[in-house]
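Structure record follows, encoded as structure tokens.
Order of the sequence lines fixes the chain letters, A, B, ..., with proteins taken first and strands second; residue numbering starts at 1 for each chain.
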Amino acid sequence: MTRLNSKIPAGPLEDKWNTYKATQNLVNPANKRKIDIIVVGSGLAGAAAAASLGELGFKVKCFTYHDSPRRAHSIAAQGGINAAKNYRNDGDSVYRLFIDTIKGGDYRSREANVYRLAEVSNAIIDQCVAQGVPFAREYGGLLDNRSFGGALVSRTFYARGQTGQQLLLGAYGALSKEIHKGSVTMYNRRDMLDVVVVDGRARGIIVRDNVTGAIERHSAHAVILATGGYGNVFFLSTMAMHSNGSSAWQAYKKGAFFGNPSFTQIHPTCIPVHGEYQSKLTLMSESLRNDGRIWVPAKKEDARKIQKGELKPIDIPEEDRDYYLERKYPAYGNLSPRDISSRAAKERCDAGHGVGSTGLAVYLDFADAIKRLGRNVIEARYGNLFQMYEKIVDDNPYETPMMIFPAVHYTMGGTWVDYELQSTIPGLFVTGEANFSDHGANRLGASALMQGLSDGYFVIPYTVQNYLADQFKVPRFSTELPEFAVAEKEVRDQIDRLLSIKGKRSVDTFHRELGKIMWDYVGMARNKEGLEKALKLIPELRAEFWKDVRVPGKAGELNPELQKATRLADFLELGELMALDALHREESCGGHFREEHQTPDGEALRNDKDFLHVAAWEYKGPDQKPELHKEPLKYEFVEVKQRSYK
Amino acid sequence: MDLKLKIWRQENAKAKGRFETYHVTNISPDCSFLEMLDILNESLVDKFEMPIAFEHDCREGICGTCSLYINGRPHGPDAGITVCQMHMRRFKDGSTIVIEPWRARSFPVLRDLMIDRTAFDEIIQAGGYISIATGNAPDAHALPVPKNKADLAMDAAACIGCGACVAACKNASAMLFVSAKVAQLALLPQGRPEAARRVQAMVAKMDELGFGNCTNTYACEAECPKEIKITNIALMNREFFAAKVCSQKEMAGTSGAG
């Protein structure tokens, strides 16, 4: 039996959100004070939601694992944020942003959600400017734009190479204002360890104070998870070291369905892996593709010589360079979407044209742009990125091309939510990267910031209120309820178990091994055989983890190894669900590439007849196969086509 | 590379700390500084010892979490980067490296190299924002901002709140941090309406939290990983004195501004 109801309002596409807002239920200001809301996460989606709900008068508790809400990983987003302002007079509109996002997602997202996202995009820019976000401006004093992948217009607003930082600090300012006012209480350095469900509704969470080790219970009328993506299941990714999938996984085990878990974005422009000790990968913003040209040597022997260090990139004459994106996708060229650009890089490297000592890299070359615009202009646009590159690689990208390779960057999959961003657990809302909703099978660049802020500032304040309209009569919850006691005990038991194993292997050795399985078999190219292998290897690794992990220290103290262990325990289960989902989806779409399903020229081949749906997985108990529910994707307004960027 | 490390160990905020000496061998020069500490920590776990607690998250120089005092300098010997962006090729094989936490009364040590920087959050909460509620904003182009002002505001806004300025200052002054936010918002027309209230509230909170005074040694500017300029402090001082003279009445009308 399926319980999936996407709750999309009836009516024309452009009226749906207005209709919803005009007819939703509201809570009177005096009653808002009687209602508690928990927000987990303080990135763009979480900080924006906590601040906006606080402004409305609700009592908000906001949790983060960081020492300050300003450090959430939204801060690392570099390139920009999309909006349909059409300030360039280049033909942009809400409808075009909507279409580009639907097409970029390879027709695996919901029309109504994506339209709403495009619709509120303009208000986000207004809001951020009013907060004092120092977006790039032109000499006339008005806002500048740049181009991003998957679009033929320039609609990306940016603050140098630090757009995520500036937007987050704007939201952090709004949050700080509400903390000062007393409407939001901030809880730093807390790891959420479980969600508490009372009478079928989400009513609280269990957290660990990472400084003292104390386990705390917190109750509320509604719980919002804004906990980001789970890309760190691959160990090496562009995520922050502590980014994790645990909150989403706890919600899943308490009954929230998990949507499209295998949809992972591999970003084409990251600094390549260079050693066994490496702890994370660094992104080089997609905005670099505005001016950089991607190429590999056309001749394999040149590539081989470069790998051995016998030739340098400048030794390769122009006619022997293969600008493969410009060649294969002339219409979009170097600004082709991320999934396509990543796969093209892998294809060239697999064919023996890769560069760098490992042969797993391609060039991103600024020589033409520097000649055309001058070094000053390039420095003003990308100075901080060039500096970052130089520090890591010890090469000067003004003089020699950057080397880049695809890396795990974002998860389109996440907790299944309806149009109201509510999961299948009533009262549990999920926003930002943590939900599955708006990007289909591939997210376009500069759309993650847009979605996080859209959800936080402009969607959740309405939809949560609609849910809470009849909840003001429910008195504040006591954390003495048996449901809290049971959840707390489970958390304590798991921590004790982890500490008592006293095995031989550190947490990181298990995490690296899991990451390798995921990258090899559930990574950029997947096939049945490999996925089945992953489904065998992951449970074996998990069993070994629970037998042989070594976690030093005690429960009641600041213990980073214990934090890593609790997060990895969840990744070891989540990875398996990702493989299962990838195996079920017998098609290629967006970032999900099944080698069995490709066009003769190697492009993703969708199967709309059988897979025009969201795969929503229901937890059935430990070591039980989860149940698959399908939410059919109905395209009423857009024609579903084969994607072409040629 | 083989290195000798002298690292500050302290079990918790109340415990007495001490330096411990460790040796790491076979470190690749391409390894980042924090990856070198990861390798050391792995070896400690192997021996069932508690790994060294240090703060880090994004490892690309933007979150502001990492906070190590290396050989007497916040974020180590290189200018313009955080410690997570530093690589071992920057050090000589066989050298000794001393690693400490930030030292400032307002940043108590939690464990080993981890410190508590909530004082910075409190200063921002006192007024480091523009008081606008969601949904109230006019069109983004309603208010043009001269490009040079927008650029200066962005220069100041690049602060990552790591606290290196406080750690570098002999007085443990937070002036560079506070002035960066004051300047960002004072330079923009959006921030003018509450500029006087903001600067007074933030400075009062900074003083209340026990940060020291600025005596113009410029150590903060020299050590700031984002190269935030000391001119922001001058701008803040101007704002502060102007606010003192002009807006006592406005201050009296606000709540909880310190």
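- Here Cys58(B) is the residue among Ser32(B), Pro146(B), Cys58(B) with the most heavy-atom pairs under 4.5 Å with chain A.
- Between His141(B) and Tyr87(A), the ring planes lie parallel to each other; the angle is under 30°, not in the 30° to 60° tilted range.
- Top candidate by heavy-atom pairs under 4.5 Å with chain B, chosen from Val211(A), Asp508(A), Asn188(A), Leu168(A), is Asp508(A).
- For the set Leu143(A), Thr282(A), Ile125(A), Asp144(A), the entry with the most heavy-atom pairs within less than 4.5 Å of chain B is Leu143(A).
- Highest contact tally toward chain B, considering only Gln166(A), Glu561(A), His274(A), is held by Gln166(A) [criterion: heavy-atom pairs under 4.5 Å].
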inquiry  = Would His87(B) and Ile392(A) count as a side chain to side chain contact (heavy atoms under 4.5 Å, CB included) here? Give the steps.
reply    = CA-CA 7 Å; His87(B) 285 70; Ile392(A) 295 174; 3.8 Å; yes
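- Chosen from Phe157(A), Tyr172(A), Phe458(A), the residue pairing most often with chain B at heavy-atom distances under 4.5 Å is Tyr172(A).
- Each of Val129(A), Leu142(A), Ile75(A), Leu56(A) has some count of heavy-atom pairs under 4.5 Å with chain B, and the biggest count is that of Leu142(A).
- Among Leu185(B), Ile132(B), Thr134(B), the single residue meeting the side-chain contact (heavy atoms from CB on, under 4.5 Å) criterion with Gln131(A) is Ile132(B).
- Across Pro189(B), Gly135(B), Ala156(B), the residue that shares the most heavy-atom pairs under 4.5 angstrom with chain A is Gly135(B).
- At most 12 heavy atoms of other shown residues, nucleotides or ligands fall within 6.0 angstrom of atom NZ in Lys504(A).
- Contact annotation for Lys47(B): only backbone heavy atoms (N, CA, C, O) come within less than 4.5 Å of a heavy atom of chain A.
- Interface residue Leu188(B): only side-chain heavy atoms are found under 4.5 Å from chain A.
- The part of Ile115(B) that comes within reach of chain A is its backbone (N, CA, C, O), which places non-hydrogen atoms under 4.5 angstrom from that chain.
- Looking at Leu143(B), the atoms closer than 4.5 Å to chain A (heavy atoms on both sides) all sit in the backbone: N, CA, C or O.
- Between Cys84(B) atom SG and Met241(A) atom CE the span is 10.5 Å, to the nearest 0.5 Å.
- By the 4.0 Å N-to-carboxylate-O rule, Arg137(A) lies too far from Asp151(B) to be salt-bridged with it.
- Only the side chain of Met114(B) comes within contact range of chain A, with heavy atoms under 4.5 Å apart.
- Proximity of Glu557(A) to Asn12(B): side-chain heavy atoms (C-beta onward) are nowhere separated by under 4.5 Å.
- Within the 4.5 angstrom heavy-atom criterion, atoms from both the backbone and the side chain of Gln85(B) approach chain A.
- Comment: Glu55(B) engages Arg189(A) in a salt bridge, judged by a side-chain N to carboxylate O separation of less than 4.0 angstrom.
- Ionic pairing of Lys280(A) and Asp57(B) is not present here: no N-O contact between side-chain nitrogen and carboxylate oxygen is shorter than 4.0 angstrom.
- In this structure, Arg89(B) pairs ionically with Asp394(A), as a charged nitrogen and a carboxylate oxygen lie closer than 4.0 Å.
- Counting heavy-atom pairs under 4.5 Å between each of Gly128(B), Ala53(B), Pro138(B), Ala13(B) and chain A puts Pro138(B) at the top.
- Residue Ala142(B): no heavy atom, backbone or side chain, is found under 4.5 Å from chain A.
- Considering only heavy atoms from C-beta on, Ile27(B) stays 4.5 Å or farther from Tyr277(A) through its side chain.
- The two residues Asp121(B) and Pro69(A) make their nearest non-hydrogen contact at OD2-CD, 3.7 Å.
- Ile81(B) places a side-chain heavy atom less than 4.5 Å from the side chain of Gln387(A).
- No cation-pi contact links Lys177(A) to Tyr129(B), judged by a cut-off of 6.0 Å to the six-membered ring centre and 45° from its axis.
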task = Could you please spell out the steps behind the side chain to side chain donor-acceptor pair (under 3.5 Å) verdict for Glu35(B) and Ser279(A)?
result = CA-CA 6 Å; Glu35(B) 284 163 358; Ser279(A) 57; 2.9 Å; yes
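- A 6.0 Å sphere centred on CG of Asp93(B) holds more than 12 heavy atoms belonging to other residues, nucleotides or ligands.
- Residue contact with chain B, scored on non-hydrogen atoms closer than 4.5 Å, is absent for Ala123(A).
- For Glu60(B), the parts lying under 4.5 angstrom from a heavy atom of chain A are both the backbone and the side chain.
- Contacts with chain B were tallied for Met239(A), Arg505(A), Met388(A); Met388(A) has the most, counting heavy-atom pairs under 4.5 Å.
- Side-chain contact between Leu558(A) and Glu11(B) is absent, with no heavy-atom pair separated by less than 4.5 Å.
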request  = Quick one: do Lys85(A) and Asp139(B) satisfy salt bridge (charged side-chain N to carboxylate O under 4.0 Å, His left out)? Show the steps, please.
outcome  = CA-CA 10 Å; Lys85(A) 285 282 195 187; Asp139(B) 184 87; 3.0 Å; yes
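- With a 4.5 angstrom heavy-atom cutoff, Thr118(B) touches chain A only via side-chain atoms.
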